[in-house]
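Scroll down for the structure; my scribbles are underneath it.
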Amino acid sequence: MAQTGTTAGTVHEAAHGSGEFPPFNTATYPGQLVWLALTFGFLYFMMARIIVPRLSGIIGDRRRRIATDLEQAAEMRSRAEEAGRAYEQALAEARAKAQAIAQETRTALATESEVRRKALEADLAQKLAQAEAVIQARTESAMANVREVATEAASAIVERLTGRAPDSAAIESAYDRVARS
Amino acid sequence: MASPIEQFEIKPIIPALGFTNSSLFMVGGVALIVGGLLYATRNRSVVPDRFQAGAEILHDFVAGTLTDAAGRDGMKFFPFVFSLFMFVLTLNLVGLIPGFFTVTSHIIVTFALAALVIGTVIVYGLMRHGTHFLGLFVPSGVPVWLLPFIVVIEIISFISRPISLSLRLFANMLAGHIALKVFGGFVVALGGAGALAVLAPLPLLMAVALTALEFLVAGLQAYVFTVLTCIYLNDAIHPGH
């Protein structure tokens, strides 16, 4: 039993060179180191020359693109805000202008009507004054006629009653006494 | 039944070139990374398709890790760090496919990668900062009589970096694959053990759970390797604490 075990052990050892634990078998070290140097060297070369520049290029491009996009968006926004402000201002200006025009028209119309009213009033006043003057003149002439008619009538009445023509001066003074009272 | 460590055997495929199963998976992994990333970025579109989005997520993830640890200056090492991350991640994950070889389960590979990182730190640090880079080992604000001890401790901690960096990845990959293999072996052993076969599903469930855990470990160890690389590179870029 023990013997077969030992034989198996030696066969096993023989099959694998020295019976050492494989990671500590120094005979394999040079080969591993050479191939490690070759493969890792190739990997480093590809990384340094192609892969890393490509990857950082992609990431840098994206970062730049996002930055410029954000910048553009901010610019567009400020432009839109500016346009909004300009619109508001134009609106306010138009409103103010409309109000000014309305006010102007209102005052113009008011003054015109005032002028027309004044002219009309003056016209009317003039006509009134003329009419009053006419009335005054008529009244005066009428009053003068009344005196003449009254003295003639009194003289005729006195002549019929007394048979002789009365003194005109006496009739005039009598008339004046009666008219004054 | 195969021993749990048989999966780590290096088997020659083309002996004349020293081409082994390990070499095959290195070549395959690199071809997968380069081909995948070239395919993903072929359109260079502003609105990415799903492959390009995936490549961009990987890029941004590693770039974020690098700039967090080493600042904007660290981005000059980005191709190196991205290569390391993709290499380790891909080979960790490819190794989880049953029957496939795990390149990162060999200490010489992880140690070579860690030595490459530390070598880069030392060479770049000395080139960029000259002797000022050695200030890394002399923390400011330490009493003079303490300095010899502190410097020795700092040097030891610096030297232990590539060792811990490589051992961590190697040990995680190795242990995970051994555990998977052991539990897989239990399923077969119990299945052929008569009445005990009713217990066979238990290690099977364990193997399923361990597989999920190994996927996590594969990603996590690639990330840890990358983060530590970034932190060490930061020492080369900004020496002096």
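Below, chain A is the first sequence line, B the second, and so on; all start at residue 1.
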Open item on the list: Are B:Phe25 and A:Thr39 packed together at the side-chain level, in the sense that at least one heavy-atom pair is separated by less than 4.5 angstrom?
Closed with: no
TODO: Please answer whether the main-chain N or O of B:Val46 pairs with a side-chain N or O of A:Arg62 as donor and acceptor at a distance below 3.5 Å.
DONE: yes
- [ ] Identify which part of A:Ser56 has an atom lying under 4.5 Å from any heavy atom of chain B, answering side chain, backbone, both or neither.
- [x] both
Open item on the list: I need the minimum non-hydrogen distance between A:Pro22 and B:Ile5, along with the two atoms involved.
Closed with: CG-O, 3.8 Å
Open item on the list: Working to the nearest 0.5 angstrom, can you tell me the gap between A:Leu55 CG and B:Leu37 CG?
Closed with: 6.5 Å
Open item on the list: For the backbone of B:Gly18 and the side chain of A:Trp35, can you confirm whether one donor and one acceptor N or O come within less than 3.5 Å of each other?
Closed with: yes
Task: Candidate pair B:Leu174 and A:Phe21, rule side chain to side chain contact (heavy atoms under 4.5 Å, CB included), full reasoning - done: CA-CA 11 Å; B:Leu174 186 82; A:Phe21 184 51; 3.5 Å; yes
Open item on the list: Using every non-hydrogen atom in the two residues, find where B:Ile33 and A:Leu43 come nearest and quote the distance to one decimal.
Closed with: CG2-CD1, 3.7 Å
- [ ] Can you tell which part of B:Phe19 gets under 4.5 Å to a heavy atom of chain A, answering side chain, backbone, both or neither?
- [x] both
- [ ] Indicate the atoms forming the closest heavy-atom contact of A:Met47 with B:Phe82, along with that distance.
- [x] SD-CD2, 3.5 Å
Open item on the list: Just verifying a value: how many Å separate B:His106 NE2 and A:Leu36 CG, rounded to the nearest 0.5 Å?
Closed with: 12.5 Å
Open item on the list: Rounded to the nearest 0.5 Å, what separates atom CE in B:Met26 from atom CZ in A:Phe42?
Closed with: 15.5 Å
Open item on the list: Other residues, nucleotides and ligands only: do more than 12 of their heavy atoms fall within 6.0 Å of CZ on A:Arg117?
Closed with: yes
Open item on the list: Atom CZ of residue position A:Arg65 - does it have more than 12 heavy atoms of other residues, nucleotides or ligands inside 6.0 Å?
Closed with: no
- [ ] Provide the closest heavy-atom pair for A:Pro23 versus B:Ser105 in the form atom of the first, atom of the second, distance.
- [x] CG-O, 3.8 Å
Task: Side-chain heavy atoms of B:Leu116 within contact of A:Phe40, under 4.5 Å - done: yes
Task: Structural part of B:Pro48 lying under 4.5 Å from a heavy atom of chain A - done: both
Task: B:Ser22 portion near chain A, given a 4.5 angstrom heavy-atom threshold - done: side chain
Task: Neighbour count above 12 (heavy atom, 6.0 Å) for B:Arg42 CZ - done: yes
Task: CE-OG distance between A:Met46 and B:Ser83, expressed to the nearest 0.5 angstrom - done: 11.0 Å
Task: Segment of B:Phe78 engaging chain A (4.5 angstrom heavy-atom cut-off) - done: side chain
Open item on the list: Any heavy-atom pair between the side chains of A:Tyr29 and B:Ile107 that's under 4.5 Å?
Closed with: yes
Open item on the list: For a quick test of reading the model, state the closest non-hydrogen atom pair linking B:Leu38 to A:Arg54 and the distance between them.
Closed with: O-NH1, 3.3 Å
- [ ] Please tell me if the side chains of B:Thr41 and A:Ile58 come closer than 4.5 Å, counting only heavy atoms from C-beta onward.
- [x] yes
Open item on the list: If I compare all heavy atoms of B:Ala112 with all of A:Leu33, which pair ends up nearest, and what's the gap?
Closed with: CB-CD2, 3.6 Å
Task: Neighbour count above 12 (heavy atom, 6.0 Å) for A:Glu104 CD - done: no
Open item on the list: Are there over 12 heavy-atom neighbours, none belonging to B:Phe158, within less than 6.0 Å of that residue's CZ?
Closed with: yes
Open item on the list: Counting heavy-atom pairs closer than 4.5 Å to chain B, which one of A:Ile66, A:Asp61, A:Ile59 comes out on top?
Closed with: A:Ile59
Open item on the list: Just verifying a value: how many Å separate B:Lys11 NZ and A:Thr28 OG1, rounded to the nearest 0.5 Å?
Closed with: 13.0 Å
